[in-house]
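Working notes, beginning with the structure itself.
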Amino acid sequence: MKAEPQNAVGLVLRLSQLAESDMLVDLFTSEKGRITALAKGGKRSRKRFFGLLLTGHLLEIELLPSKKGGSLWLLAGARIMQNHLGLREDFRRFMASGPVLEILLRGTPAMDPMPQVLELAKATLARLSLAKGKAQTGSALVVFLTRLLALLGYRLHLSSCLVCGRPIKHNRECRLSLAGGHVCPHCRDNRFGVIVPAGLAKGLETAANLEVNALNRLSFSKAHLNPAMTFLTRFWQETLGHDLPSLGLALRLLTRETWD
Ligand SMILES: [Zn+2]
């Protein structure tokens with residue numbers, strides 16, 4: 001019996017060229033979570049997928065189970081839903097979108113549907129596609145990095161001290177630790193910590209909790225972006241045990257003095 005194609009909506013995370021113009025496509029889908037699909041080469045397929053298989057594209061796809069099973073599928077068809085064209089119109093937006101795709105690729109399990117994660121990624125890429133200047137671009141990424149921690153079960157502890165439970169004082173500088181959140185001055189630990197300005201912890205807490213449609217209105221000032229990106233980059237690298245090169249590049253871009 002011939003299998004019927006299954007429909008899904010998927011964000012293209014990575015493309016790898018194989019022999020004979022076949023291509024492996026890593027996607028994050030709402031129905032199946034992260035999957036890999038084989039796009040068969042040949043003239044007809046090239047025409048069918050022309051201009052569709054690009055990172056950051058949101059596609060409506062048709063999948064057939066592959067003989068190998070598991071998380072490998074055959075890509076039977078694709079249609080564009082959102083090309084996030086604005087990302088390709090400005091290299092800084094494009095660089096800031098890199099960590100969104102990279103972290104979904106490295107940090108989510110295969111074949112585990114997480115529709116809220118896809119919603120967050122879509123909202124972030126839509127915001128980045130239109131972002132102007134460092135504050136808007138950086139805010140979109142800081143919100144994504146903070147919210148995704150919460151969605152994947154690594155929520156930062158920001159309301160009180162991780163160690164002693166003393167409430168955080170929002171009028172004072174505080175320290176964010178790689179242990180996973182705020183550590184008060186009495187309990188200073190030796191693990192990597194970033195001193196952050198008053199108010200940033202509250203902003204990050206909002207990013208972790210706000211309704212997803214409202215996230216795009218949340219902005220961080222330039223003074224908050226630098227420490228927020230420094231901490232979040234280290235925390236993600238530590239959490240995933242991976243150096244996350246796209247995130248490292250975005251950090252360098254966003255903490256560069258010459259861009260406002
Ligand atoms: Zn403490």
Side-chain angles (χ1 to χ4, degrees), residues 96 99-100 102-104 106-109 114 116-117 120-121 123-124 134-212 214-257:
V100 176
E102 178 176 66
I103 292 179
L104 293 189
R106 306 277 178 209
T108 63
M114 289 182 280
Q116 287 177 304
V117 171
L120 174 66
T124 306
K134 189 197 264 187
Q136 285 184 17
T137 309
S139 294
L141 191 53
V142 165
V143 168
F144 172 82
L145 293 171
T146 308
R147 181 55 160 258
L148 190 62
L149 285 171
L151 290 178
L152 296 184
Y154 311 115
R155 175 184 286 270
L156 295 170
H157 187 96
L158 295 164
S159 56
S160 57
C161 172
L162 266 176
V163 184
C164 70
R166 282 188 178 90
I168 193 167
K169 291 205 173 89
H170 286 297
N171 57 346
R172 294 225 320 242
E173 283 187 340
C174 70
R175 177 184 286 261
L176 296 180
S177 157
L178 283 188
H182 167 63
V183 172
C184 81
H186 305 278
C187 303
R188 257 190 328 178
D189 71 357
N190 290 327
R191 303 188 64 189
F192 172 84
V194 179
I195 306 287
V196 302
L200 176 57
K202 206 169 190 171
L204 296 180
E205 180 114 292
T206 308
N209 294 315
L210 205 61
E211 201 248 321
V212 71
L215 283 178
N216 281 359
R217 294 198 292 272
L218 185 59
S219 281
F220 290 86
S221 69
K222 281 177 211 159
H224 284 188
L225 279 177
N226 199 329
M229 277 302 298
T230 303
F231 172 72
L232 287 164
T233 299
R234 279 295 299 274
F235 190 70
W236 269 107
Q237 288 169 336
E238 186 93 347
T239 301
L240 298 187
H242 193 283
D243 61 359
L244 302 172
S246 293
L247 185 55
L249 284 173
L251 172 68
R252 270 167 52 197
L253 171 78
L254 286 163
T255 52
R256 206 151 61 189
E257 292 301 324

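Both counts, for ligands and for their atoms, begin at 1 and track the order of listing.
- Using modelled atom types, no side-chain atom of Gln116 and backbone atom of Leu151 make a donor-acceptor pair closer than 3.5 Å.
- Side chains of Phe235 and Leu156 form a contact here, defined as non-hydrogen atoms less than 4.5 Å apart.
- Protein nitrogen, oxygen and sulfur atoms, that is N, O or S, within less than 2.8 Å of the Zn ion (ligand 1) amount to 4.
- Listed for the Lys134 side chain is no donor-acceptor partner under 3.5 Å among the backbone atoms of Thr255.
- Between the side chains of Arg155 and Asn209, at least one donor-acceptor pair of N or O atoms lies under 3.5 Å.
- Looking at residues two or more places apart in sequence or on another chain, you find a side-chain hydrogen bond (donor to acceptor under 3.5 Å, both in side chains) between Arg106 and His242.
- No side-chain heavy atom of Ser160 sits under 4.5 Å from any side-chain heavy atom of Ile168.
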